[in-house]
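In what follows, residues are counted from 1 in the order of the sequence shown. First listed ligand is number 1; within each ligand, the first listed atom is number 1.
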Amino acid sequence: MKKVTINTLMKLKEEGRKFASSTAYDASFAQLFEQQEMPVLLVGDSLGMVLQGKADTLPVTVEDIAYHTRCVRAGSPNSLLMSDMPFMSYATPEQACLEAGKLMQAGANMVKLEGGSWLAPTVRMLTERAVPVCAHLGLTPQSVNIFGGFKVQGRDQEQADQMVKDALELQAAGAQIILLECVPSALAERITQALNVPVIGIGAGNVTDGQILVMHDMFGIAANYMPKFSKNFLAETGDMRSAVTKYITDVESGAFPGPDHTIA
Ligand code: KIV
């Protein structure tokens, strides 16, 4: 696979071509994903749930993410690699810079932070210091205790309008990717059309520029819970490489996520 950069994704967006991405946590799967030409990988703090068996992502540390970032980078030298900043690692812009530096030095090309326009000064400070940022909106799992559970976000008009405003402010602050999780497809479409930067969705319909899945969900092997918007591609194909290829081609053609895996 040729080296993937933010410019690659910007070009795909301009050409109206969709792209797939996946979480990854170790070198072997990262290599498999790269061999199947998955352009974007994420070391997600979902590792707290799928690797560590915790109930949510809050216990994950910067050291956990840095360790798995090193592992994934070893297996996939050419993907655009995003690494999650864990809960409470970016409470202030200064702290965010300090912790993000560790993830970039571990091999990340971009860090991902959860939150709306309150994060704009942090995004500005990071990007000015050469740390590219993906801003995660919608169901932001680190806020599970504020939301009272893993719930769809942006259903009412006021919330939806606020999310569009947040996305625009984060883009203006320098965010180079916006990730939307668990939002109605119509809202995801509105945000994708309003932004110049690529929008990656999970549980946001097939209207975004890119899709992401937690790899354990793609293979139907998550220990705890399988979200309704995810799909077990391994059950459909019977082997891991074909499952990854099927996921990528279904995303590129717009076949995934179909109506059964979309929040109306
Ligand atoms: O941590 C993670 O895996 C994520 C995905 C759900 C996008 O943030």
For this session: For the pair Lys246 and Glu236, find out whether any cationic side-chain nitrogen is under 4.0 Å from an anionic carboxylate oxygen.
Result: yes
Problem set entry | Glu14/Lys11 salt bridge by N-O under 4.0 Å criterion | no
Which pairs of N or O atoms, one from ligand 1 and one from the protein, are separated by less than 3.5 Å, and what is the distance for each pair?
from, atom 1, to, atom 2, distance (Å)
ligand 1, 1 (O), Asp45, N, 3.1
ligand 1, 1 (O), Asp45, OD1, 3.1
ligand 1, 1 (O), Ser46, N, 3.0
ligand 1, 1 (O), Ser46, OG, 3.3
ligand 1, 1 (O), Asp84, OD2, 3.0
ligand 1, 3 (O), Ser46, OG, 2.5
ligand 1, 8 (O), Lys112, NZ, 2.8

Exercise. Ignoring hydrogens and geometry, is there a side-chain-to-backbone donor-acceptor pair from Asp209 to Lys18 under 3.5 Å?
Worked result: no
Kindly list each side-chain donor-acceptor pair under 3.5 angstrom involving residues 174-186, sequence neighbours excluded, with atom names and distances?
from, atom 1, to, atom 2, distance (Å)
Glu181, OE1, His136, NE2, 2.9

For this session: Write out all pairs satisfying side chain to side chain donor-acceptor pair (under 3.5 Å) with one or both partners inside residues 187-207, taking only residues at least two apart or from two chains.
Result: Asp161-Arg190
Problem set entry | Results of side chain to side chain contact (heavy atoms under 4.5 Å, CB included) for Ala243 - residues two or more places apart only | Phe219, Phe233, Leu234, Thr237
